[in-house]
Asker: 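Can you keep this structure in mind? I'll have questions shortly.
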Amino acid sequence: MAGTIIDGKALGAKVREEVAARVAELGHVGLATVLVGDDPASHIYIDLKQKAAQAAGMEARDVKLPADTSEDDLLATIAELNADDSVDGLLVKLPLPAGLDENRVIEAIAPEKDVDGIHPFNAGCLYLGRPTLVPGTPLGIMRMLDEYEIPLRGAHAVVVGRSAIVGKPMAHLLLQRHATVTICHSRTVDLQRHTLDADVLVAAVGREHLIAPDMVKPGATVIDVGMNRGEGKKVLGDVDPGAIDRAAYMTPVPGGVGPMTIAMVMQNTVTAAGARRATSVAPAGN
Ligand code: NAP
């Protein structure tokens, strides 16, 4: 019997409603996005975030800089937004054009406004088991797992991929919930041996249908983060959709992790806004 599809679109809409209610409570919440250059995919990504912020009732500031912006000018823009009290969340689209030092730019973002959760302070807090602002994709996955009441304590979770924005924070969030976590990557020997033992399998690789149905443990929960451009405009996941015949739960592509990511960046923005208004209280909700 085929497993249950985890509906990220519906859950993402629910999170966005919760965010809108919180924005109304807080009165004013501001999100600033910074995009350097003219990469079309990055423009679409930023437009989606801008629209989501506006729909939630936030003040959305859209800073677009030319591709030849110098590092000093970009850092000055970030410093201005850091100092601007009407900005609660600040998101700089990565990757940056060649020639700009990404680490230096990330480190310039005020940690308390870092709604992508990529500043070393926030990444370090997660590593220490004291999450503050956490990247939207793994945060959204945790929300999906909780919503579908997937048991994590003592479960074997296998995360394929170790990027700073998905794989690593995902592994730490699962560890914090007492899963036994295995992290796989491009040098892992015999990937199938690991994935076949996963009660919860998260694929964040960027390789179309890398995870074949026979790599999935019967009854597992499968989270497909991959967004790979297939033939034409079709977006394909890292997991072969046929895996639904073995999985108990599985996210679709599209309509799974993607909509949750945007919703959780919005949630991070209200979390940041709430924390900035009550600085004696640690950021909550993550
Ligand atoms: P990334 O930075 O390119 O990292 C990919 C990871 O996969 C690396 O750790 C790499 O290992 C590992 N890997 C590559 N080939 C492998 C193989 N054959 N077997 C096992 N591991 C392998 O990518 P990312 O930013 O984490 O994104 C991953 C995918 O998720 C992409 O398709 C991206 O578009 C998608 N994504 C989707 C969302 C969303 O909202 N839906 C958000 C973010 C990302 P090494 O470290 O050894 O190189």
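Just follow the structure's listing: the first ligand is 1, and inside any ligand the first atom is 1.
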Asker: Which protein non-hydrogen atom lies closest to atom 29 (C) of ligand 1, naming both residue and atom, and how far is it?
Answerer: G206 N, 3.6 Å

Asker: With heavy atoms under 4.0 Å as the rule, classify the contact between M260 and ligand 1 as side chain, backbone, both or neither.
Answerer: neither

Asker: At a 4.0 Å threshold, what atoms of ligand 1 neighbour a non-hydrogen atom of G258?
Answerer: 40 (O), 41 (N)

Asker: Does ligand 1 come near enough to I165 that some N or O of the ligand is less than 3.5 Å from an N or O of the residue?
Answerer: no

Asker: Flag the pair V257 / M144 as yes when at least one side-chain heavy-atom distance between them is below 4.5 Å, and no otherwise.
Answerer: yes

Asker: Cluster partners of L236, using ILVMFWY side-chain heavy atoms under 4.5 angstrom, listed by chain and number?
Answerer: none

Asker: Under 3.5 Å, is there a donor-acceptor pair between the E59 and H28 side chains?
Answerer: yes

Asker: Only pairs at least two apart or in different chains count here, so list each side-chain hydrogen bond (donor to acceptor under 3.5 Å, both in side chains) that has a residue in residues 15-26.
Answerer: E18-R143, R22-E25

Asker: When you measure from atom 43 (C) of ligand 1 to every protein heavy atom, which one gives the shortest distance, and what is it?
Answerer: V166 CG2, 3.7 Å

Asker: Ignoring hydrogens and angles, state whether a donor on the side chain of D88 or T269 is under 3.5 Å from an acceptor on the partner side chain.
Answerer: no

Asker: Who's the nearest protein heavy-atom neighbour of atom 18 (N) of ligand 1, and how far?
Answerer: L210 CD1, 3.9 Å

Asker: With a cutoff of 4.0 Å, is N228 in contact with ligand 1, counting heavy atoms of the residue only?
Answerer: yes

Asker: So for atom CZ, which belongs to R177, do other residues, nucleotides or ligands contribute more than 12 heavy atoms lying within a distance under 6.0 Å?
Answerer: no

Asker: Starting from atom 40 (O) of ligand 1, which protein heavy atom do you reach first, and at what distance in Å?
Answerer: T261 OG1, 2.9 Å

Asker: Quiz question: by atom type and distance under 3.5 Å, do the side chains of D199 and H156 form a donor-acceptor pair?
Answerer: no

Asker: Students should be able to answer this: which protein heavy-atom is nearest to atom 42 (C) of ligand 1, and at what distance?
Answerer: T137 OG1, 3.3 Å

Asker: With atoms numbered from 1 as shown, which atoms in ligand 1 lie under 4.0 angstrom from a non-hydrogen atom of V160?
Answerer: 20 (C), 21 (N)

Asker: On a heavy-atom basis, I'd like to know which of V225, I183, V205 is closest to atom 36 (N) of ligand 1.
Answerer: V225

Asker: Can you list the atoms of ligand 1 that are under 4.0 Å from a heavy atom of R187?
Answerer: 47 (O)

Asker: Need the ligand 1 atom indices (1-based, order shown) with element for anything under 4.0 Å from a heavy-atom of G161.
Answerer: 6 (C), 7 (O), 9 (O)

Asker: Looking only at the side chains, is there a donor atom on one of T188 and H194 sitting less than 3.5 Å from an acceptor on the other?
Answerer: no

Asker: Would you tell me which option among A164, S186, G140 has the nearest heavy-atom contact to atom 45 (P) of ligand 1?
Answerer: S186

Asker: In terms of heavy-atom contacts, does CG of D190 have more than 12 from other residues, nucleotides or ligands at under 6.0 Å?
Answerer: yes

Asker: What protein heavy atom sits nearest atom 9 (O) of ligand 1, and how far off is it?
Answerer: R162 N, 2.8 Å

Asker: Which residue supplies the protein heavy atom nearest to atom 2 (O) of ligand 1, what is that atom called, and how far is it?
Answerer: S163 CB, 3.4 Å

Asker: Please verify whether a non-hydrogen atom of G226 lies at under 4.0 Å from ligand 1.
Answerer: yes

Asker: Under a 3.5 Å cutoff, is there a donor and acceptor pairing between the side chains of D72 and S70?
Answerer: no

Asker: What pair of heavy atoms forms the shortest contact from E102 to L94, and how long is it?
Answerer: CG-CD2, 3.5 Å

Asker: Evaluating non-hydrogen atoms only, which member of H185, M264, M227 is closest to atom 34 (O) of ligand 1?
Answerer: M227

Asker: With the threshold set strictly below 4.0 angstrom, can you tell me whether any protein non-hydrogen atom sits that near atom 25 (O) of ligand 1?
Answerer: yes

Asker: Set out, in order, the CA-CA distance, both residues' side-chain angles and the distance that settles side chain to side chain contact (heavy atoms under 4.5 Å, CB included) for C184 and V159, then state yes or no.
Answerer: CA-CA 6 Å; C184 299; V159 180; over 6 Å; no

Asker: Does ligand 1 have any atom sitting under 4.0 Å from a heavy atom of C184?
Answerer: no

